[in-house]
Amino acid sequence: MPLPSQPLRKLGFLTIGLFDEADPRKGHESTLEIIQLGERLGFDSAWLRHRHLQYGISSPVAVLAAASQRTTRIELGTAVIPLGWENPLRLAEDLATVDILSGGRLNPGISVGPPMHYDQVKQALYPDTADAEDFGYDRVARLLDFVRGKPATDFSGVEGFEVFSDRVQPQAPGLGRRLWYGGGSLRSAQWAGEHAMNFLTSSVVKAEESEDFAEVQLSHVRAFRAHHPDGDRARVSQGLVVIPTDSASPEQRAKYEAYAEKRLPRTATPQGPARLMFAPDLVGTSAEIAERLYAHAAFREIDEVAFALPFTFEHDDYVQILTDIATRLGPALGWQASAQHA
């Protein structure tokens, strides 16, 4: 088995937090329990996806506020908040508040672009300004400015008995360096680097200069670092779907293999007008998955991951998958549990 240039330094996981419409609390509690399990297993980070008008967590920042009170060490991230649904000033306040509550553990991941199904939702979301909203990088730049302490107003001082600040409050030390951009294109990778963000690259990229997923992802990693002030030390996290089967039951193994097989055809060629390329889900023993990762061109140039959990599995499946990742796959990739460093 070829060895990577450096051992895996940070091991995280990403979950969508599905719930039943008739009993939404159960799904949210399951997600919090999974985050707590991740901390016990030594994971460095836990990340939540963001789903609007679906049966997945719609407010990951609120859920992470709860998670911050049930954990003490694990970093808590979003992958990713679609900024088209957000007011950057208000979001900056929420992010700073949760970061303070967590003791500086928040890692907000964001992305831009029009909200999904915008024509159907714009009257509910932006009834008066739908056609004037800007869903480009300027929206991210506004959030960065507010989080990093630039003035939001030219008014400050005392008015009556109240004291006003010209900056977002609270100010969360270090949060501005823990903002991540979730990008799937060369342009996004370059922009994130130029604005000194961290970069999340997932199992979806745009087929621009190649139709080989790993080659495309590698080009994004290199473009990001080439434009980042920290150069090769700039942080990149890769988010492929991995499903180790070491301790899985025969029934679980069959379910996992069927899930990956159903999703495999979409990985063969670029999909849709945006020419999206999808990475295959990695199912097998930890040794088998490690070998496939070591052969992945982009994986060889990163030392952080946030492996994505499949969407539709049961709580017990996630417990098994996370346990195998922490106890078998992580060590096979050179990772050591954070508890060992405490």
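Count residues from 1 along the sequence.
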Close aromatic pair by centroid cut-off 6.0 Å: Phe13 and Phe307: no
Check: Asp317 side chain, Glu314 main-chain N or O, donor-acceptor pair, under 3.5 Å: yes
Within the 6.0 Å centroid threshold, strictly below: His220 and Phe224: no
Whether Glu39 side chain and Ile74 backbone form a donor-acceptor pair below 3.5 Å: yes
His52 side chain reached by Pro82 side chain, heavy atoms, under 4.5 Å: yes
Any donor-acceptor pair under 3.5 Å from Arg49 side chain to Ile81 backbone: no
Main-chain N/O of Asp166 paired with Ser156 side-chain donor or acceptor, under 3.5 Å: no
Student check: side-chain heavy atoms of Glu93 and Gln169 closer than 4.5 Å: no
Steps toward side-chain hydrogen bond (donor to acceptor under 3.5 Å, both in side chains) verdict (Thr71, Gln36): CA-CA 6 Å; Thr71 57; Gln36 289 175 281; over 6 Å; no
CG on Asn107 to OG1 on Thr78, rounded to 0.5 Å: 8.5 Å
Separation of Leu106 CG from Thr97 OG1 (nearest 0.5 Å): 10.5 Å
Distance-only side-chain donor-acceptor flag, Asp44 / Trp335, under 3.5 Å: yes
Under 3.5 Å donor-acceptor, Asp212 side chain and Glu215 backbone: yes
Heavy-atom donor-acceptor pair, Gln320 side chain to Pro244 backbone, under 3.5 Å: yes
Note, Gln252 side chain near Thr245 side chain (heavy atom, < 4.5 Å): no
Joint cluster assignment, Phe213 & Phe199, ILVMFWY side-chain distance < 4.5 Å: yes
Closest non-hydrogen atom pair between Ala248 and Tyr256, with its separation: CB-CE1, 4.0 Å
N/O donor-acceptor pair under 3.5 Å between Asn198 side chain and Arg177 backbone: yes
Ile321 with Val242, same ILVMFWY side-chain cluster at under 4.5 Å: yes
Separation between CD of Gln69 and CG of Leu32, rounded to the nearest 0.5 Å: 11.5 Å
4.5 Å side-chain heavy-atom contact, Met197 and Val140: yes
Salt bridge present between Glu133 and Lys122 (N-O < 4.0 angstrom): no
Shortest non-hydrogen contact from Gln123 toward Ala130: OE1-CB, 4.4 Å
Over 12 non-hydrogen atoms of neighbours within 6.0 angstrom of CZ in Arg187: no
Row check, Phe313 ring normal vs Lys255 NZ/CZ: under 6.0 Å, within 45°: yes
Point-to-point distance, once rounded to the nearest 0.5 Å, from CZ of Phe19 to OG of Ser58: 6.0 Å
Any donor-acceptor N/O pair, Gln171 side chain to Val168 backbone, under 3.5 Å: yes
Arg9 backbone acceptor or donor facing Asp303 side chain under 3.5 Å: no
Contact check, side chains of Phe135 and Leu83, non-hydrogen atoms, under 4.5 Å: no
Test item: Tyr318 side-chain N/O and Pro310 main-chain N/O as donor-acceptor pair under 3.5 Å: yes
Interatomic distance, Asp281 atom CG to Leu240 atom CG [nearest 0.5 angstrom]: 9.5 Å
Leu282 side chain near Ile243 side chain, heavy-atom distance below 4.5 Å: no
Flag side-chain contact, heavy atom, 4.5 Å: Glu208 against Ser185: yes
More than 12 heavy atoms from other groups under 6.0 Å of OH on Tyr55: no
Least distance between heavy atoms, Val112 atom then Gly136 atom: CG1-O, 3.5 Å
salt_bridge(Glu33, Arg70) N-O dist < 4.0 Å: no
Cluster link Leu11 to Val319, ILVMFWY, side chain under 4.5 Å: yes
Pair Arg225 + Asp230, salt bridge at N-O below 4.0 Å: no
Whether over 12 other heavy atoms sit under 6.0 Å from Asp232 CG: no
Test applied, salt bridge (Lys or Arg N to Asp or Glu O under 4.0 Å); reference residue, Glu304; option that passes from Arg235, Arg233, Lys10: Arg235
Val80-Val63 co-clustered via ILVMFWY side chain contacts under 4.5 Å: no
Check: Phe299 and Gln238 side chains under 4.5 Å, non-hydrogen atoms: yes
Hphob cluster co-occupancy, Leu91 + Val98, side-chain heavy atoms under 4.5 angstrom: yes
